[in-house]
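What follows is a short report on a single structure.
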Amino acid sequence: MISTVWIDSLERVLRKNGSPVIERLSDDENIVELLSAANIWTLALERKKKLRTQGMRPGDILCEASDSKELIVNLVACAMGKFIYWPLKKSEINKFLTTTEDIGHNFFLIDKSITSKVARPDINCNFITPETVLLLSTSGTSGKERIIGFTGSSLLHQIENINRGLHCQQESGRLIVLPLHHCFGLILDFLAGLFAKQQLHLRNTGLFSPEKILKVITENDITHLSLVPRMLDLMIYYSEKNPDAIKQFKKIQLHVGGAVISENLKNKASNLFGEFIEGYGLTECAGGVLLNGKPNGCEVRLKPVDEVKSNVFELWIKSESLGHFTNQDEWKDSEGFLKTTDLVEVKNNGDYRVLGRSGSLIKTTQGVWTQISDIEEIIKKNFSLSFFHLEKQDGHLNLLASSNDFNIELLQYFEKNYGLDCKISNFHSGDLEKILLGSQKKSTSEAVCEWHKEK
């Protein structure tokens with residue numbers, strides 16, 4: 001018998017309830033649209049019936065662009081109909097083909113309430129189980145992109161743990177600016193806020209704007225905000241130019257994740273916001289794994305990096321939040337721990353510090369293994385660079401830095417300590433804010449690197 005834990009939990013949160021309330025602006029940003037919990041439940045009942053009349057059956061997959069205004073209605077309707085919901089970024093929508101053929105798990109694409117049957121010949125659906133309720137695509141930062149399936153139980157486990165860790169209060173204000181095709185935005189922000197019965201304010205379409213974000217914070221009782229590091233950098237730049245904003249930021253609990261956060265950025269965020277919480281996770285585990293360096297509803301195992309004797313370890317995790325994907329067993333050990341491909345070190349207080357991916361280790365000319373994040377900290381401390389990005393490619397260190405700041409001493413430092421060629425690329429730091437505003441990347445370094453390559 002298929003478990004009903006997911007729809008039962010959604011019903012308790014939504015049916016006949018006035019709170020939570022979802023608020024968003026219309027496309028012209030003039031009309032405010034409100035949707036109460038009870039509204040969501042009623043609309044989802046109607047949508048479920050319509051989807052069935054359009055040919056959807058239990059186990060079929062409903063795909064939709066993640067910026068849809070009807071996302072929550074369709075997600076709940078899928079739970080009611082025992083369908084599988086899959087929110088996608090717009091570029092993924094173009095990969096679907098129109099079809100009439102029936103397969104094991106049929107795909108349906110919905111756009112403005114119009115549903116059509118489609119196909120994705122490139123997808124192997126063998127990893128989907130009778131308990132699967134949600135699909136999410138990974139970004140591919142840990143290798144090849146994957147599609148992850150989640151059961152209702154795995155989602156609820158993560159939602160309960162994240163809300164316990166963030167101590168969210170009912171009817172408190174949550175501002176959502178993250179895209180909902182990522183687990184951080186959908187599970188750790190949107191669904192977590194829904195189950196905490198917070199007041200949800202959606203501003204996650206269009207370009208990210210610190211000025212608009214501050215306006216929402218000021219006009220509403222916002223106490224919770226989740227950002228990726230690139231967005232955090234923009235908020236900090238904005239506060240430096242607009243000191244009056246600092247008073248509003250002081251009442252915010254800020255949850256940041258999605259990419260490695262430098263110690264410098266952590267310190268700035270801790271000083272600017274009322275509470276700073278660093279999150280680490282991966283889509284395979286429904287997002288959250290660590291909060292401020294401590295395990296969040298999961299077991300952690302550290303394994304020494306091959307042939308490397310240091311305080312750097314590979315991170316393996318085991319959790320009820322783990323999703324399922326193709327060839328999953330190849331990424332697990334005999335006890336069920338999943339290899340994350342991330343590196344961590346253990347701090348003096350026992351907390352974990354995430355350093356980056358396993359390919360980021362570099363051996364110094366003195367025979368000591370180190371990682372790019374530590375090299376970056378040395379550069380920040382000893383060389384006057386307003387901004388730079390360091391990456392390892394094919395045995396070379398590529399440094400993207402402002403030509404106005406760069407000096408020969410830094411080249412000599414690389415040659416002496418790493419014996420590696422250091423490729424220098426010119427970057428004008430005055431362009432940084434414009435680059436970050438126009439990017440959708442998670443980190444500032446990724447955004448600048450993308451901009452430079454396109455240029």
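Any value given below was found using the heavy atoms of this structure, including those in side chains, with hydrogens, waters and symmetry copies removed.
A donor-acceptor pair under 3.5 Å is formed between the side chain of Gln328 and the backbone N or O of Gly323. In this structure a side-chain-to-backbone donor-acceptor pair under 3.5 Å is present from Asn292 to Glu278. Side-chain atoms of Asn204 come within 3.5 Å of backbone atoms of Leu178 as a donor-acceptor pair (strictly under, hydrogens ignored). For Ser68 (side chain) and Ala65 (main-chain N/O), no donor-acceptor pair under 3.5 Å exists by modelled atom type. Checking side-chain atoms of Glu23 against main-chain N and O of Leu35 turns up no donor-acceptor pair under 3.5 Å. Looking only at distances, no side-chain donor or acceptor of Ser154 sits under 3.5 Å from a matching main-chain atom of Phe150. A donor-acceptor pair under 3.5 Å links the side-chain atoms of Thr218 to the main chain of Leu214, judged by distance alone. Checked by atom type and distance alone, the side chain of Ser172 pairs as donor or acceptor with a backbone atom of Gln169 at under 3.5 Å. Here the side chain of Ser321 pairs no donor or acceptor atom with the backbone of Gly288 at under 3.5 angstrom. Side-chain atoms of His324 come within 3.5 Å of backbone atoms of Gly149 as a donor-acceptor pair (strictly under, hydrogens ignored).
Residues forming a ring-ring contact (aromatic ring centres under 6.0 Å, His included) with His255 (at least two apart in sequence, or on another chain): Phe184. Qualifying ring-ring contact (aromatic ring centres under 6.0 Å, His included) partners for Phe195, counting only residues two or more places apart in sequence or in other chains: Trp6. For Glu92, the side chain to side chain donor-acceptor pair (under 3.5 Å) test picks out Lys95, with sequence neighbours left out. Residues that satisfy the side chain to side chain contact (heavy atoms under 4.5 Å, CB included) test with Asn267, not counting sequence neighbours, are absent from this structure. Applying the side chain to side chain contact (heavy atoms under 4.5 Å, CB included) test to Glu345 and every residue at least two apart in sequence or in another chain returns Asn311, Arg353, Leu355. Applying the side chain to side chain contact (heavy atoms under 4.5 Å, CB included) rule to Val289 yields the partners Tyr280, Leu282, Cys285, Cys298, Ile317; only residues at least two apart in sequence or on another chain are considered. Checked against ring-ring contact (aromatic ring centres under 6.0 Å, His included), Phe249 has the following partners two or more places apart in sequence or in another chain: Phe273. Under the side chain to side chain donor-acceptor pair (under 3.5 Å) criterion, Lys247 pairs with no residue, sequence neighbours left out. Arg174 meets the salt bridge (charged side-chain N to carboxylate O under 4.0 Å, His left out) test with Asp189; sequence neighbours excluded. Thr223 pairs by the side chain to side chain donor-acceptor pair (under 3.5 Å) definition with nothing, not counting sequence neighbours.
Atom-to-atom distance recorded for Thr283:OG1 and Phe325:CZ is 10.5 Å, nearest 0.5 angstrom. Separating the OG1 atom in Thr340 from the CD atom in Glu314 is a distance of 7.5 Å, to the nearest 0.5 Å. Between atom CG of residue Asp233 and atom CD1 of residue Ile435 there is a gap of 12.0 Å, rounded to the nearest 0.5 Å. For the atom pair NE2 (His224) and CD1 (Ile176), the distance works out to 8.5 Å, reported to the nearest 0.5 Å. A distance of 8.5 Å separates OG1 of Thr151 from CG of Leu156, quoted to the nearest 0.5 Å. Here Ile236 contributes atom CD1 and Lys268 contributes atom NZ; the two are 6.0 Å apart, rounded to the nearest 0.5 Å.
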Could you walk me through whether Glu171 and Lys197 pass the salt bridge (charged side-chain N to carboxylate O under 4.0 Å, His left out) test, one step at a time? CA-CA 6 Å; Glu171 297 192 2; Lys197 296 188 176 182; over 6 Å; no

Start with the C-alpha gap between Glu330 and Lys339, add the side-chain angles, then the distance that decides, and say whether salt bridge (charged side-chain N to carboxylate O under 4.0 Å, His left out) holds. CA-CA 9 Å; Glu330 297 177 7; Lys339 181 177 182 178; over 6 Å; no

Between Glu446 and Arg230, is the salt bridge (charged side-chain N to carboxylate O under 4.0 Å, His left out) condition met? List the steps. CA-CA 9 Å; Glu446 288 175 322; Arg230 174 185 63 84; over 6 Å; no

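Put simply, the side chain of Tyr85 does not reach to within 4.5 Å of the side chain of Val133, judged on heavy atoms. Annotation: side chain of Ile217 is in contact with side chain of Ile252 (closest heavy-atom distance under 4.5 Å). Leu136 places none of its side-chain heavy atoms less than 4.5 Å from the side chain of Ile147. Looking at Tyr352 and Leu302, their side chains come closer than 4.5 Å, going by heavy atoms from C-beta outward. Pro87 is listed as a side-chain neighbour of Leu134, based on a closest heavy-atom distance under 4.5 Å. Side-chain contact between Asn220 and Gln199 is absent, with no heavy atoms from C-beta onward closer than 4.5 Å. Contact annotation: the side chain of Pro229 approaches that of Val256 to within less than 4.5 Å [non-hydrogen atoms, C-beta and beyond]. In this structure, Cys78 and Leu75 have side chains that are not in contact, with every pair of non-hydrogen atoms separated by 4.5 Å or more.
Sorted by first and then second residue, the salt bridge (Lys or Arg N to Asp or Glu O under 4.0 Å) pairs with a member in residues 154-168 form an empty list; sequence neighbours excluded. Identified under the salt bridge (Lys or Arg N to Asp or Glu O under 4.0 Å) test for residues 286-303, with sequence neighbours left out: Lys294-Asp351, Arg301-Asp333, Arg301-Glu335, Lys303-Asp333.
Residues Leu194 and Leu200 come closest through the heavy atom pair N-CD1, 3.9 Å. Nearest heavy atom pair, residue Gly287 against residue Cys183, reads CA-SG, 3.6 Å. Taking all atoms of both residues into account, the shortest heavy-atom contact from Phe107 to Cys63 is CD2-SG, 3.9 Å.
The environment of CD in Glu211 is sparse: at most 12 heavy-atom neighbours from other residues, nucleotides or ligands sit within 6.0 Å. By the neighbour-count criterion of 12 heavy atoms within 6.0 Å, atom CD of Glu320 is sparsely surrounded, having that number or fewer from other residues, nucleotides or ligands.
By the 6.0 Å and 45° rule, Arg146 stacks over the aromatic ring of Trp331.
Note on ring orientation: taking the six-membered ring where Trp is involved, the planes of Trp86 and Phe96 are perpendicular (angle over 60°, cut-offs 30° and 60°).
Salt-bridge formation is detected for the pair Glu219/Lys215: a Lys NZ or Arg NE/NH1/NH2 atom is positioned less than 4.0 Å from an Asp or Glu carboxylate oxygen. The residues Lys241 and Glu433 are annotated as salt-bridged, a charged nitrogen and a carboxylate oxygen being separated by less than 4.0 angstrom.
Of the residues listed (Leu135, Thr132, Thr138), the one engaging Ile148 in a side-chain contact (heavy atoms from CB on, under 4.5 Å) is Thr138, and it is the only one. Among Leu322, Asn163, Leu188, Leu191, the one residue that satisfies the side-chain contact (heavy atoms from CB on, under 4.5 Å) test with Gln158 is Leu188.
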